[in-house]
Amino acid sequence: MPTYTTAVIPSPNEDFPFIAVVTDESGTVVSEIPVRTQADGEAMLVEALKELRDHDLEDGKST
């Protein structure tokens with residue numbers, strides 16, 4: 001199964017002051033989601049990782 005890295009980083013956008021980001025092993029951004037709070041970003045990342053896991057399992061990329 002691929003390895004992903006996540007982070008909630010500051011954004012210059014006042015309406016969405018944070019961005020939840022998922023990157024793959026090579027550093028390529030897989031998902032980028034603008035969010036209003038750090039907690040919202042963390043919750044979105046949990047869901048994004050679950051979806052990526054499910055997608056990878058469907059594609060046969062399990063460990």
Side-chain angles (χ1 to χ4, degrees):
M1 184 179 289
T3 301
Y4 298 100
T5 303
T6 63
V8 179
I9 60 173
S11 166
N13 185 328
E14 289 182 21
D15 291 333
F16 295 97
F18 297 96
I19 300 172
V21 180
V22 179
T23 57
D24 66 12
E25 297 116 341
S26 66
T28 301
V29 175
V30 176
S31 177
E32 187 174 304
I33 308 163
V35 293
R36 296 188 192 279
T37 68
Q38 179 93 20
D40 286 347
E42 292 167 358
M44 292 293 262
L45 290 173
V46 168
E47 291 305 313
L49 288 174
K50 286 178 184 177
E51 289 179 23
L52 285 167
R53 179 201 59 210
D54 293 346
H55 181 266
D56 288 345
L57 289 173
E58 289 173 5
D59 286 349
K61 296 179 186 175
S62 62
T63 55

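Checking side-chain atoms of Arg36 against main-chain N and O of Pro17 turns up no donor-acceptor pair under 3.5 Å. Side-chain N or O atoms of Ser11 include one that pairs as donor or acceptor with a backbone N or O of Phe16 at under 3.5 Å.
Summarising the geometry of Ile19 relative to Glu32, their closest heavy-atom pair is CG2-CG, 3.3 Å, with the distance given to 0.1 Å. Looking at every heavy atom in both residues, Asp56 comes nearest to Pro2 through OD2-CD, 3.3 Å. The two residues Ala20 and Val35 come nearest to each other via the heavy atoms N-CG2, 4.4 Å. For Leu45 against Thr6, the heavy-atom pair with the smallest separation is CD1-CB, 3.7 Å. Between Met44 and Ile33 the shortest heavy-atom distance is CE-CG2, 3.5 Å. In this structure, Gly41 and Val8 approach most closely via the heavy-atom pair C-CG2, 3.7 Å.
The structure places CD of Gln38 at 10.5 Å from CD1 of Ile9, a figure rounded to the nearest 0.5 Å. Arg53 contributes atom CZ, which lies 11.0 Å from atom CD of Glu58 (distance to the nearest 0.5 angstrom).
You'll find the side chain of Leu49 reaches within 4.5 Å of the side chain of Tyr4, heavy atoms only.
Each of Leu57 and Val46 belongs to its own hydrophobic cluster when Ile, Leu, Val, Met, Phe, Trp and Tyr are linked at side-chain heavy-atom distances under 4.5 angstrom.
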